[in-house]
Amino acid sequence: MKCSKCGSDKIMTDVKIVDHGQMNTKQHLTIEFYTNPSARVFKAPQSSALFANICGQCGYVEMSVSNPEELWNLYTKNRTA
């Protein structure tokens, strides 16, 4: 794996991204979208943990999700329904 900004191979992979919530509780940062956004109550939220790849040379950070194919399938199913 190489850095997409500087080309270095000094990459730290799958680094957890942590959010400090109420009372300094740690939570893994996630993305979320609704598979049924027009619903009044049951919007069916779908989420995925975010991970980072960090370049040890220039500090560039790229984020990725843990389950991209599953999220894509849910997203496209909602758009065609």
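The shortest distance between side-chain heavy atoms of M63 and F51 does not fall below 4.5 Å. Taking 4.5 Å as the limit, some side-chain heavy atom of M1 sits within range of a side-chain heavy atom of T13. For the pair H20/K26, a side-chain contact is recorded, criterion being any heavy-atom separation below 4.5 Å from C-beta on.
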Steps toward side chain to side chain contact (heavy atoms under 4.5 Å, CB included) verdict (L71, I31):
CA-CA 10 Å; L71 291 176; I31 57 102; 3.8 Å; yes

Pair N53-V15, side chain to side chain contact (heavy atoms under 4.5 Å, CB included): steps then yes or no
CA-CA 6 Å; N53 292 331; V15 178; over 6 Å; no

For S66 and S48, what are the C-alpha separation, side-chain angles and deciding distance, and is it a side chain to side chain donor-acceptor pair (under 3.5 Å)?
CA-CA 6 Å; S66 57; S48 180; 3.2 Å; yes

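Under the side chain to side chain contact (heavy atoms under 4.5 Å, CB included) criterion, L29 pairs with I17, D19, L50, not counting sequence neighbours. Under the rule for a side-chain hydrogen bond (donor to acceptor under 3.5 Å, both in side chains), D14 has no partner lying at least two apart in sequence or in another chain. Evaluation of the side-chain hydrogen bond (donor to acceptor under 3.5 Å, both in side chains) rule for Q27 yields no partner, not counting sequence neighbours. Partners of E69 by side chain to side chain contact (heavy atoms under 4.5 Å, CB included), not counting sequence neighbours, listed by chain and number: N73.
The minimum heavy-atom distance linking V61 with A52 is given by the pair CG1-CB, 3.9 Å.
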N/O donor-acceptor pairs under 3.5 Å from side chains in residues 4-12, not counting sequence neighbours:
unit_1: S4; atom_1: OG; unit_2: E62; atom_2: OE2; d: 2.8
unit_1: S8; atom_1: OG; unit_2: K10; atom_2: N; d: 3.0
unit_1: K10; atom_1: NZ; unit_2: Q57; atom_2: OE1; d: 3.4

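For the atom pair E32 CD and Q46 CD, the distance stands at 8.5 Å (nearest 0.5 Å).
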